[in-house]
Amino acid sequence: MTSASTSTAQARRQPPARRWTDPPDTLCCGVDEAGRGPLAGPVVAAAVILDPARPIAGLDDSKALTARRREALFDEIVANALAFSIAEATVAEIDTLNILHATMLAMQRAVAGLSMAPGLVRVDGNRCPTLPCASEAVIGGDACVPAISAASILAKVSRDRQLLALDAAFPVYGFGQHAGYGTAQHLAALDRHGPCIHHRRSFAPVRRALGEPCGPTGRGPRRVQTPLDPAWFETMHDVVPRDPFSGKLF
């Protein structure tokens with residue numbers, strides 16, 4: 001086992017007790033995701049290496065910020081970070097791998113997309129994806145590690161923008177209001193219209209809407225909604241997920 005693998009396997013899980021600082025002489029990266037819980041759309045991850053010479057005021061967990069503040073901070077992060085990368089795992093990959101593994105894949109892609117290699121990656125949550133460098137998981141890191149806060153903002157804003165675009169193509173679901181989460185409005189739309197191609201078929205409410213086995217439903221098969229312009233969407237393709245670092249199939 002390599003030292004990077006060992007570090008990943010032994011990623012520390014610590015509750016946030018302070019505002020974390022970066023170790024000296026180490027290029028540190030923060031990673032977070034958005035969209036694990038929704039019934040539709042991709043899961044999006046971001047990786048950010050902040051520039052100590054250009055600090056960004058007001059970084060916080062994206063969920064604690066208003067949409068307007070997130071948008072403003074998004075622009076500041078993009079303009080001032082040493083490096084950033086935004087990546088995703090598609091709906092098809094979520095349904096193929098499950099949401100946990102798809103989230104890890106999106107995080108790997110985000111780190112792989114950075115223009116410089118970090119010496120340490122800090123990931124929000126209680127586990128880290130396999131990476132070619134040292135990593136540590138920080139529970140609540142989006143509120144106490146500035147680089148993770150920045151990553152949470154990039155991931156959240158990027159995903160929200162995608163769901164607004166889906167809302168324009170599939171207005172019956174209200175994606176612009178709930179971003180794909182299983183609200184009463186969304187579940188009612190699923191019941192009435194059935195799912196569209198951007199719904200996650202591995203999630204129970206979507207399976208129920210399709211009339212597939214998921215406990216007693218008493219429903220027959222549902223017609224799947226199709227997009228207004230199929231060429232506009234890029235998620236419907238054969239999925240052969242690979243580890244972006246080793247090239248091995250998942």
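Quantities reported herein were computed from a predicted structural model and do not represent experimental measurements.
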Open item on the list: Quick check on the 6.0 Å ring-centre criterion: do His186 and His199 meet it?
Closed with: yes
Open item on the list: Once salt bridge (Lys or Arg N to Asp or Glu O under 4.0 Å) is applied, what residue pairs with a partner in residues 44-57 remain, sequence neighbours excluded?
Closed with: Asp51-Arg54
Task: Counterpart residues, salt bridge (Lys or Arg N to Asp or Glu O under 4.0 Å), relative to Asp160 (two or more places apart) - done: Arg70, Lys156
Open item on the list: Quick one: does any side-chain atom of Ser149 pair with a main-chain N or O of Asp142 as donor and acceptor, under 3.5 Å?
Closed with: yes
- [ ] Using side-chain contact (heavy atoms from CB on, under 4.5 Å) as the criterion, list what pairs up with Ser115, not counting sequence neighbours.
- [x] Ala83
Task: Nearest-0.5 Å distance, CD of residue Glu76 to CD1 of residue Ile153 - done: 9.0 Å
Open item on the list: Holding to side-chain hydrogen bond (donor to acceptor under 3.5 Å, both in side chains), I want the full list of residues that pass it with Glu71, two or more places apart in sequence or in another chain.
Closed with: Arg161
Open item on the list: As an exercise, state the distance from CG of Asp124 to CG of Asp61, rounded to the nearest 0.5 Å.
Closed with: 7.5 Å
Open item on the list: Are Leu187 and Tyr181 connected into the same hydrophobic cluster when the rule is that any two of I, L, V, M, F, W, Y join if their side-chain heavy atoms are below 4.5 Å apart?
Closed with: no
Task: All side-chain hydrogen bond (donor to acceptor under 3.5 Å, both in side chains) counterparts of Asn80, not counting sequence neighbours - done: none
Open item on the list: With a 4.5 Å cut-off on side-chain heavy atoms, are Tyr173 and Leu166 touching?
Closed with: no
- [ ] Kindly indicate whether the side chain of Leu59, heavy atoms from C-beta on, has any atom under 4.5 Å from the side chain of Ile77.
- [x] yes
Open item on the list: Can you see whether Asp95 engages Ser202 through a side-chain donor-acceptor pair at a distance of less than 3.5 angstrom?
Closed with: yes
TODO: Only counting residues at least two apart or in another chain, list the ones meeting ring-ring contact (aromatic ring centres under 6.0 Å, His included) with Phe84.
DONE: none
Open item on the list: Working to the nearest 0.5 angstrom, can you tell me the gap between Leu73 CG and Asp60 CG?
Closed with: 9.5 Å
TODO: Taking side-chain hydrogen bond (donor to acceptor under 3.5 Å, both in side chains) as the test, write out the residues that go with Asp167, two or more places apart.
DONE: none
Open item on the list: Is there a path of hydrophobic side-chain contacts, each under 4.5 Å between heavy atoms, that joins Leu164 and Phe170?
Closed with: no
Anything under 3.5 Å between a donor and an acceptor, one on a side chain of residues 40-50, the other on a protein residue two or more places apart or in another chain? List them.
none

Open item on the list: Would the distance check show the side chain of Gln108 and the main-chain N or O of Thr130 forming a donor-acceptor pair, the cut-off being under 3.5 Å?
Closed with: yes
Task: Residues in side-chain hydrogen bond (donor to acceptor under 3.5 Å, both in side chains) contact with Thr26, at least two apart in sequence or another chain - done: none
Open item on the list: Any salt bridge linking Glu93 with Arg200? Criterion: basic side-chain nitrogen under 4.0 Å from a carboxylate oxygen.
Closed with: no
